[in-house]
A.B. asks: 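The structure follows.
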Amino acid sequence: MKRIQYTGNNYDQIKRLCGDKVLAPYFCMGFSMLSLETEEGLVSVNEGDFVVMDDNGKFSVER
């Protein structure tokens with residue numbers, strides 16, 4: 001399992017982990033957010049959330 005906290009400034013690190021499953025950051029009300037493609041569909045990743053890739057390569061977000 002790999003787990004990275006999104007800080008709002010580490011998109012490149014998240015992109016290396018997730019590849020084409022993550023969409024470029026966007027800004028909303030002063031905060032940076034990402035969108036991550038999971039088996040459940042697109043999930044928002046807010047600053048402070050953790051992007052998790054399990055041992056099977058599936059992605060999720062922990063808040």
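Predicted model only: the values in this text are computed from it and were never measured.
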A.B. asks: Just by distance, do the side chain of Q5 and the backbone of G48 share a donor-acceptor pair under 3.5 Å?
C.D. replies: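 At least one qualifying donor-acceptor pair exists.
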A.B. asks: So do L36 and L42 actually touch side chain to side chain, heavy atoms under 4.5 Å?
C.D. replies: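 The answer is no; the side chains never approach within 4.5 Å.
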A.B. asks: Could you tabulate the donor-acceptor pairs under 3.5 Å formed by side-chain atoms of residues 19-33, not counting sequence neighbours?
C.D. replies:
unit_1: S32; atom_1: OG; unit_2: Y6; atom_2: OH; d: 2.4

A.B. asks: Could I get the full list of salt bridge (Lys or Arg N to Asp or Glu O under 4.0 Å) partners for E40, not counting sequence neighbours?
C.D. replies: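 Counting only residues at least two positions away or on another chain, E40 forms no salt bridge (Lys or Arg N to Asp or Glu O under 4.0 Å).
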A.B. asks: Quick check: do F59 and L17 have side-chain heavy atoms less than 4.5 Å from each other?
C.D. replies: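 Contact flag for F59/L17 side chains = yes.
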A.B. asks: For the hydrophobic clusters of this structure (ILVMFWY residues joined by side-chain heavy atoms under 4.5 Å, transitively), does one cluster hold both V61 and I4?
C.D. replies: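 Yes; I4 is reachable from V61 via cluster members.
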A.B. asks: For the pair D55 (side chain) and M1 (backbone), establish whether a donor and an acceptor sit closer than 3.5 Å, ignoring hydrogens and angles.
C.D. replies: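 Checking the backbone N and O of M1 against the side chain of D55, a donor-acceptor pair under 3.5 Å is found.
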A.B. asks: Under a 4.5 Å cut-off applied to non-hydrogen side-chain atoms, are L34 and Y11 in contact?
C.D. replies: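 Side chain of L34 against side chain of Y11, heavy atoms only: contact under 4.5 Å found.
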A.B. asks: Check salt bridge (Lys or Arg N to Asp or Glu O under 4.0 Å) between R3 and all other residues, then give those that pass, not counting sequence neighbours.
C.D. replies: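 So R3 forms a salt bridge (Lys or Arg N to Asp or Glu O under 4.0 Å) with E62.
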A.B. asks: Give a yes or no on whether the backbone of N56 and the side-chain of D54 come within a donor-acceptor separation of less than 3.5 Å.
C.D. replies: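 Looks like yes, one N/O pair under 3.5 Å.
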A.B. asks: When hydrophobic residues are tied together by side-chain contacts of less than 4.5 Å, even through go-betweens, does M53 share a cluster with V51?
C.D. replies: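 Same cluster.
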A.B. asks: Before you tell me yes or no, could you show the steps for N46 and R63 under side-chain contact (heavy atoms from CB on, under 4.5 Å), namely the whole-Å CA-CA distance, both residues' side-chain angles and the distance that decides it to 0.1 Å?
C.D. replies: CA-CA 8 Å; N46 301 305; R63 296 188 156 78; 4.0 Å; yes
